[in-house]
2 protein chains.
Amino acid sequence: MSETASPPPTPPRPNGRAKPRQSDIARAAGVSQATVSLVLRGATTGVVLAPETRRRVLRAAEDLGYVPDPVATRLAAARNGMLGLYTFSTTFPTDVAHSYYPVLVGVEEEAAAQGQDLILFTGASRAAGTTSDAAAVRRVRAADGCLFFGRHVPEDPIRRLSEDGFPFVYIGRREEPGISHVGADYVSASAEVAARLAALGHHRVRYLRENDDAPASTDRERGVVDGARGAGLETVGLVERTDGGDVDARLARWRDEGVTAVVTEETDTGAALSGLTAAVARAGLSCPGDLSLALLGTPAAAPAAPVTGLAGAISGFGVPMREMGRAAVRLLLDLIEGSAAPQSHLLACEPVAGATLGPPHPGR
Amino acid sequence: MSETASPPPTPPRPNGRAKPRQSDIARAAGVSQATVSLVLRGATTGVVLAPETRRRVLRAAEDLGYVPDPVATRLAAARNGMLGLYTFSTTFPTDVAHSYYPVLVGVEEEAAAQGQDLILFTGASRAAGTTSDAAAVRRVRAADGCLFFGRHVPEDPIRRLSEDGFPFVYIGRREEPGISHVGADYVSASAEVAARLAALGHHRVRYLRENDDAPASTDRERGVVDGARGAGLETVGLVERTDGGDVDARLARWRDEGVTAVVTEETDTGAALSGLTAAVARAGLSCPGDLSLALLGTPAAAPAAPVTGLAGAISGFGVPMREMGRAAVRLLLDLIEGSAAPQSHLLACEPVAGATLGPPHPGR
DNA sequence: CTGAAAGCGCTTACAG
DNA sequence: CTGAAAGCGCTTACAG
């Protein structure tokens, strides 16, 4: 704020050789800038440098603390060793997307292992759905390739990237053909949970899903329904949808109907789960004493706040978020190197034994 | 994996009428490329375009579906619009540094607001303390400036950056002169907690700090001691150090000594706090019934797992981590623009009323 | 009011 | 084996 009549009007780079360039190295080493480039990028096809020249250049680069400018490198159409990460809907939503953190951890781990840095593109944080979405997504080209994630993604900007052959992969299930993604095998895992219920002797079950058609929710429903059918559970009236606020009445009705187990899902909002557990607590029920309870997905809060009336963890399955992050990085690198064609990976979910499943105890 | 002998060895951009550039628009509108640039970026200082020219250019741009190349734009802007973020000790340690997440959130928010992207440098994730630390830190120059954080940082590489005039700021307290940082005002906040205890009538108090000399711990101790002195609390034997595992015996001794309140601190390991609360639980004590308890700093777990024997949140103060992240980004940008000299900011901590403070209840 | 030129920092043929 | 040149797509003084 202090506009102290500085002689040079805001010099972009304060003073000193804050950011040495190849030309600085060239001068110091007594060679041309092009030679510096050749030495620094390592062995280009056929080109052989005199060992002595090589050494001088490397030495000078080291002395000056040279680091290539990623943007210039990209403009000149080369790799810069950086992978993009673009999250839709407020990149780090303090509230909701804590559920994304494990993915970030996985991405970061694998990127580090592969010697890649990460560019976090922040475009998505502003007013969502703006036309600037397009501009924001475009910036992604500053990286060698990009990872996308988030439930609802703007399709158009992505399609353009795809057409241009820019390498990217989604973290999470996608429907679009020809687009790479790594997701979780919700279908199998959900079916397995249904089978577990049947094995315990349950017959009349309810699946309470969120009222939000994301691929993850669709997959889970399919898994539950298929699994229920396969295991001989009742399937009529099996699936119900909620926004999270209307669970008390349902719960009472279910009890009247003789429902002995309820399955629900965890999403980034956690609405269905919190609605259900709150209703269970208010009804004074305990799990699995009065009702068996299963959850499809990992609860957002890392050290899951113990749910009132529940002895321990909720039974069901966990989503391998960290491993999804890692796998996505590996796939992306293959795509960038051209050693793989666009493809999809579905990772298995880990069953969670938990403490909320037991034999059926019909309602009063 | 499928090496399907593709004719063109992975062409960067497939085919089609390649993206239109400004020169294409220029040709179509019958003006120079520079004029196109002027029109497109809106009003540059003093430059006034003929409305007719403006219209023609805009029209042509529209027709051709022009969108600026973000990479070229950044290169020409002589800034790459990227801020670095470098975390010491495993960038995203799954275990410990969950406490860093709020800082990340703040950094991301402000970066987004300022139209900057973030480069996450992953160098620190490997074997710590390696000589590669230097090399890793050097990479940071790829960004316009950099944010550093973590308790223990390698001094040499940083000094070098400083000498070269590379803009950077620490998140957290630093002792080095001439280096920018934004930290929390632990001294004042800690003193205030001591004063609160005195106001409640406590006289004999203990401060259990971690056995780790980081600036944050030093500041807290100073604040507690100063505050205790100022408020008339006993200061002899006030401070004790722990590694977290030896608290049971102390607790018994304190009770015998007539201690009525204990203050401890939260760090990235959380050792002192968890050691203390565990001891309190094992001793069958409740807070503030048997003992008042205060905490300097925010517990790591976001939805703090309710501590056994404690009614609600622990009294004390919280660290404004998110705001520190935001402030650090703003400072860094000022540094990069040269509109500010290196400087330090200390942010106020928020008092947490909590439920663990009450009037003194001398031990048995 | 607009054009011609230089430059951002790098890569990549192409000559010597 | 290395230098000189052109180019990636834009911005920014500087002349007219």
Side-chain angles (χ1 to χ4, degrees), chain A residues 8-13 17-27 29-57 61 64 66-82 135 138-139 141-142 144 164 166, chain B residues 9 11-13 18-27 29-57 60-61 64 66-82 141-144:
Chain A
T10 314
R13 282 157 202 164
R17 51 279 126 100
K19 282 205 171 196
R21 358 176 183 302
Q22 291 189 343
S23 57
D24 296 322
I25 300 178
R27 198 171 324 117
V31 300
S32 77
Q33 175 265 321
T35 300
V36 172
S37 175
L38 289 180
V39 171
L40 261 27
R41 313 204 62 229
T44 311
T45 345
V47 188
V48 190
L49 291 303
E52 170 51 18
T53 304
R54 212 179 129 62
R55 220 166 293 139
R56 280 214 315 281
V57 169
L64 294 174
Y66 172 81
V67 165
D69 182 302
V71 169
T73 305
R74 276 305 278 171
L75 182 57
R79 292 182 55 178
N80 60 15
M82 303 197 172
R138 224 178 299 125
R139 286 195 301 181
R141 292 172 190 276
D144 292 340
D164 292 348
F166 182 83
Chain B
R13 281 156 200 166
K19 307 175 213 327
R21 359 175 181 302
Q22 292 188 344
S23 57
D24 297 322
I25 300 178
R27 198 172 324 117
V31 299
S32 76
Q33 175 265 320
T35 300
V36 172
S37 174
L38 289 180
V39 172
L40 261 27
R41 0 189 24 235
T44 313
T45 345
V47 187
V48 189
L49 290 304
E52 171 50 18
T53 303
R54 212 178 129 61
R55 220 165 294 139
R56 279 214 315 280
V57 170
L64 294 175
Y66 172 80
V67 297
D69 181 317
V71 174
T73 305
R74 289 181 178 206
L75 214 214
R79 277 227 237 142
N80 60 25
M82 302 190 180
R141 294 173 127 107
D144 289 336

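A, B, ... follow the sequence lines: proteins, then strands. Residue 1 opens every chain.
C/dG7 atom P lies 21 Å from atom CG of B/Asn80, rounded to whole Å. Computed from coordinates, the A/Leu40 CG to C/dG9 C1' distance equals 12 Å when rounded to whole Å. Regarding B/Asp69, its CG atom lies at a distance of 18 Å from the P atom of C/dC8, rounded to whole Å. If you measure from atom CZ of B/Arg74 to atom P of C/dG7, you get 24 Å, rounded to the nearest angstrom. Distance, A/Arg56 CZ to D/dC1 P: 15 Å, rounded to whole Å. The nearest whole Å value for the distance from the CD atom in B/Gln33 to the P atom in D/dG7 is 14 Å. Atom CZ in A/Arg27 sits roughly 20 Å away from atom P in D/dT2 (whole-Å rounding). Taking atom CD of A/Gln22 as the reference point, atom P of C/dC8 lies 13 Å away to the nearest angstrom.
Among the protein residues, A/Val71 comes within range of no part of the nucleic acid, since none of its heavy atoms lies under 4.0 Å from any strand. The residue B/Ser23 sits apart from the nucleic acid: no heavy atom pair falls under 4.0 Å.
The B/Thr35 side chain lies nearest to C/dT2 when the options are C/dT2, D/dA4, C/dG9. When distances are taken from the side chain of B/Arg21 to each of D/dT2, D/dG9, C/dG9, the shortest belongs to D/dG9. For B/Leu75, the listed nucleotide lying nearest its side chain is C/dG9; candidates were D/dT2, C/dT11, C/dG9. Of the candidates C/dT11, C/dA5, D/dC10, the closest approach to any side-chain atom of B/Ala34 belongs to C/dA5. Candidate nucleotides D/dC10, D/dT11, C/dG9 were compared by shortest atom distance to the side chain of B/Ser37, and D/dT11 ranks first. Relative to the side chain of A/Arg41, the nucleotides C/dC10, C/dA4, C/dT12 differ in distance, and C/dT12 lies closest. The listed nucleotides are C/dT12, D/dC10, C/dC10; the one nearest the side chain of A/Leu38 is C/dT12.
Between the A/Lys19 side chain and the A/Val67 main chain, no donor and acceptor come within less than 3.5 Å of each other. A/Asp164 contributes no side-chain N or O that, together with a main-chain N or O of A/Phe166, makes up a donor-acceptor pair within less than 3.5 Å. Proximity of a side-chain donor or acceptor of A/Asn80 to a complementary backbone N or O of A/Ala142 within less than 3.5 Å is detected. Between the side chain of B/Arg56 and the backbone N or O of B/Ala29, at least one donor-acceptor pair lies under 3.5 Å.
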*Which dot-bracket notation, 5' to 3', represents the base pairing of DNA chain D when pairs are defined as Watson-Crick or G-U with both distances under 3.5 Å, crossing pairs as [ ], and inter-strand pairs as |?*
|||.||||||||.|||

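The shortest distance between side-chain heavy atoms of B/Tyr66 and B/Val36 does not fall below 4.5 Å. The shortest side-chain heavy-atom distance between A/Pro68 and A/Arg41 does not fall under the 4.5 Å cut-off.
B/Arg141 has no carboxylate O lying under 4.0 Å from a charged side-chain N of A/Asp69, or vice versa, which leaves the two without a salt bridge.
Both B/Ala76 and B/Ser32 lie near DNA chain C, and the one whose nearest nucleotide falls closer to the 5' end is B/Ser32. Each of A/Ala72 and B/Thr53 has a nearest nucleotide on DNA chain C; the 5'-most of these lies closest to B/Thr53.
Put simply, CZ on A/Arg74 and CZ on B/Arg74 are 12.0 Å apart, with the number rounded to the nearest 0.5 Å.
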